[in-house]
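Quick caveat, the model's predicted, so the values are computed rather than measured. Just the heavy atoms: all of them, side chains too, but no hydrogens, waters or symmetry mates, feed the values below. For this chain, numbers begin at 1 and follow the sequence in order.
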Amino acid sequence: MKGASVPAVVGMPSPLFLWRFKAILFLLWGLCCCKIGWDSVMRMSADLRDLFLYEVFLYYNPLFLVALMIWLWGVNLWVFAQSSVNYVKVFDLAQTHLSHREIWRCATWLTLIVPTSMTAYLYLYSHGEVSLAASQPVLLYAILLIVLLSPFDMFYLSSRFYFLRTMLRIILPLQAITFPDFFLADIFTSMSKVFSDLERSVCRMVNRQVATIAWFEADSICGSHSIAIPLVLVLPYLCRFFQCLRQYKDTKEKSCLLNALKYSTAVPVIFLSALKYHVFPDQWVSFYRPLWLISGVINSLYSFYWDIKRDWDLSILTRIFMFKSPSTWTSLLYGRNWVYYWVLGSNLILRCTWTYKLSAHLRHNYLTVFAITALEMLRRFQWVFFRVENEWNKMTAKQNFEMSSDMPSESDRLLESNSHTIQELCHLHNVQDDQVAPN
């Protein structure tokens, strides 16, 4: 009943205590995984250790990066929820959309499952159970695929369906391109290396090459020189390229063609770098490497310009360096000058670094590649703030313009009032004439 006193629940721990308890368990679990994994690696011979760690990295590195991207996306949503940016309207989400807490819950489960599987893989392989070790990544990938494609009303069915539908629209841009379509496609361009590693991992699982080192050979089916690597790397850029062409067909805006040109500049960077292992070293040094460097510089600078000018709507002369009267466009980070300097500098450096990482030069330096890919995701993470905020500002400006155009102006109201006054005077004059006429 309203107003009735509710007895306090005795013995229930506070939410802060539960959070600390979970954090301690998470830390203990992480230490156990590190200890078991380290002991398992130290049991191997030195000549086998590096090759085997490279294979383990191939299977679990993309899933770690996916978990990182989910964590960062949860941070994006949390910041938007604290600000005036209505991301629900920007992405046209349903009322049952995932909040930042639910996004973090998904990231937590993925962060728990992936290292556990990797630790089991290392332990079983080092103790001679090769077949059981080979089943660990296969089982992990199968479980994640089943959860993602499950048609049952569990594990956030509506959000999974929204994600899969958007992915289908990205691959087949047969309908008008919406903001979520090209937004997710832009994120996928930053995850091209993740998709490439996923392709190699699945290729090895299909060909039953898990827990072996045959993949290191150049002529193997899933080897490091496979033609599928550059094809998968370029796929997100091609999807975004065709999206721009579709947008031009619908809107006839020339900026869509310029955007398509930006994504096409990534194609020569990827395929020229793939030629390094298919041509003679003298040909590479004298002819192909200069072309690769020129194409890489063009792609980096063009992408950097498009980020600040188009995606973020930041003009260098009026909104970055003239801080005495900063633009009122930006409401999320308004007035913080250092943020703009940081975004400009870090975006330019990481754009160049990411373009360099697309080459085949670093293919076997897996720790360097992992660090560069993680930095690219951090660059995309900060890109999201400005891109979504810019879209929200455009939406609110459009709504304000439509409201102001629907409302009558001051001159219209004055003309309308004057016409009413003239009509009333004419009506009064006619009445007086009718009263005078009989006399």
Side-chain angles (χ1 to χ4, degrees), residues 30 33-71 110-127 129-130 132-144 190-218 220-226 228-230 232-233 277 353-354 356-378:
C33 288
C34 291
K35 181 67 168 59
I36 296 174
W38 178 260
D39 292 341
S40 301
V41 171
M42 290 297 103
R43 288 174 58 94
M44 303 179 188
S45 59
D47 56 344
L48 178 64
R49 188 180 303 158
D50 291 338
L51 296 179
F52 182 73
L53 287 179
Y54 193 3
E55 184 183 9
V56 174
F57 175 83
L58 177 66
Y59 299 136
Y60 295 100
N61 145 68
L63 299 181
F64 276 118
L65 293 172
V66 170
L68 173 62
M69 199 67 193
I70 297 175
W71 279 110
L110 191 59
T111 307
L112 288 171
I113 294 173
V114 174
T116 302
S117 175
M118 186 179 69
T119 303
Y121 184 42
L122 292 171
Y123 179 83
L124 292 172
Y125 188 88
S126 63
H127 287 75
E129 301 292 339
V130 179
L132 288 177
S135 66
Q136 298 305 309
V138 177
L139 185 63
L140 175 62
Y141 276 67
I143 291 175
L144 294 178
S190 295
M191 301 178 67
S192 57
K193 184 61 173 66
V194 175
F195 297 142
S196 176
D197 288 343
L198 285 175
E199 182 275 330
R200 296 177 67 190
S201 300
V202 173
C203 177
R204 287 187 48 77
M205 294 175 191
V206 172
N207 290 278
R208 298 183 178 181
Q209 296 180 0
V210 183
T212 64
I213 60 173
W215 64 274
F216 194 74
E217 300 174 0
S220 63
I221 300 176
C222 309
S224 58
H225 301 177
S226 173
I229 295 176
V232 176
L233 283 173
Y277 296 108
T353 306
W354 176 244
Y356 179 67
K357 189 218 64 63
L358 293 177
S359 69
H361 304 68
L362 301 176
R363 188 170 295 174
H364 299 298
N365 299 330
Y366 54 92
L367 294 179
T368 303
V369 172
F370 179 83
I372 294 176
T373 308
L375 289 175
E376 167 61 16
M377 294 197 174
L378 291 175

**Asked** Looking only at heavy atoms, what is the nearest atom pair of Val41 and Leu53, with distance?
**Response** CG2-CD2, 3.8 Å
**Item:** With Ser190 via side chain to side chain donor-acceptor pair (under 3.5 Å) - residues at least two apart
**Value:** Glu376, Arg380
**Prompt:** Do side-chain atoms of Ser196 reach the backbone of Ser192 as a donor and acceptor pair under 3.5 angstrom?
**Reply:** no
**Asked** Any luck finding a side-chain donor-acceptor pair between Tyr59 and Glu55 under 3.5 Å?
**Response** yes
**Request:** Indicate the atoms forming the closest heavy-atom contact of Thr116 with Leu112, along with that distance.
**Result:** OG1-O, 2.7 Å
**Message:** Just so I know, are the side chains of Trp71 and Thr111 near enough to count as touching, which here means a heavy-atom distance under 4.5 Å?
**Reply:** yes
**Leu375 vs Thr353 side-chain heavy atoms within contact, under 4.5 Å** = no
**Asked** Can you name the nearest heavy-atom pair linking Leu124 to Gln136, along with the distance?
**Response** CD1-NE2, 3.7 Å
**Item:** pair Phe195-Pro62: side-chain heavy atoms closer than 4.5 Å
**Value:** no
**Fill in**
Here the pair of heavy atoms bringing Thr119 nearest to Gly37 is CG2-N, 4.2 Å
**Prompt:** Is the closest side-chain heavy-atom distance between Val194 and Val66 below 4.5 Å?
**Reply:** yes
**Message:** Using every non-hydrogen atom in the two residues, find where Tyr121 and Pro137 come nearest and quote the distance to one decimal.
**Reply:** CD1-CD, 4.2 Å
**Asked** Taking only residues two or more places apart in sequence, or in another chain, which ones meet Tyr123 in a ring-ring contact (aromatic ring centres under 6.0 Å, His included)?
**Response** His127
**All salt bridge (charged side-chain N to carboxylate O under 4.0 Å, His left out) counterparts of Glu199, not counting sequence neighbours** = none
**Message:** Return the CZ to CE distance between Arg200 and Met205, rounded to the nearest 0.5 Å.
**Reply:** 12.5 Å
**Prompt:** From Ile143 CD1 over to Leu139 CG, what is the distance, rounded to the nearest 0.5 angstrom?
**Reply:** 4.0 Å
**Listed partners of Asn61 passing side chain to side chain donor-acceptor pair (under 3.5 Å), at least two apart** = Asp197
**Asked** Step by step, would you call Leu122 with Ile36 a side chain to side chain contact (heavy atoms under 4.5 Å, CB included)?
**Response** CA-CA 8 Å; Leu122 292 171; Ile36 296 174; over 6 Å; no
**Qualifying residues under side chain to side chain donor-acceptor pair (under 3.5 Å), relative to Ser117, sequence neighbours excluded** = Tyr60
**Message:** Check this for me: does any side-chain nitrogen of one of Arg43 and Asp39 sit under 4.0 Å from a carboxylate oxygen of the other?
**Reply:** no
**Message:** Would you compute the distance between atom CE of Met191 and atom OG1 of Thr373 and round it to the nearest 0.5 angstrom?
**Reply:** 10.0 Å
**Asked** Where is the tightest heavy-atom contact between Ser201 and Leu58, given as atom of each residue plus distance?
**Response** OG-O, 3.0 Å
**Message:** So, taking the atom named CG in Leu65 and the one named CE in Met377, what distance separates them when rounded to the nearest 0.5 Å?
**Reply:** 4.5 Å
**Request:** Could you label the plane-to-plane angle of the Phe370 and Phe57 rings as parallel, tilted or perpendicular, counting under 30° as parallel and over 60° as perpendicular?
**Result:** perpendicular
**Message:** How long is the straight-line distance from CG of Leu198 back to NZ of Lys193, given to the nearest 0.5 Å?
**Reply:** 9.5 Å
**Message:** Please report the interatomic distance CG(Leu367) to OH(Tyr54), rounded to the nearest 0.5 Å.
**Reply:** 10.5 Å
**Prompt:** Is any side-chain heavy atom of Leu63 closer than 4.5 Å to a side-chain heavy atom of Tyr141?
**Reply:** yes
**Request:** Sequence neighbours left out, what passes disulfide bond (SG atoms under 2.5 Å apart) with Cys33? Give chain and number order.
**Result:** none
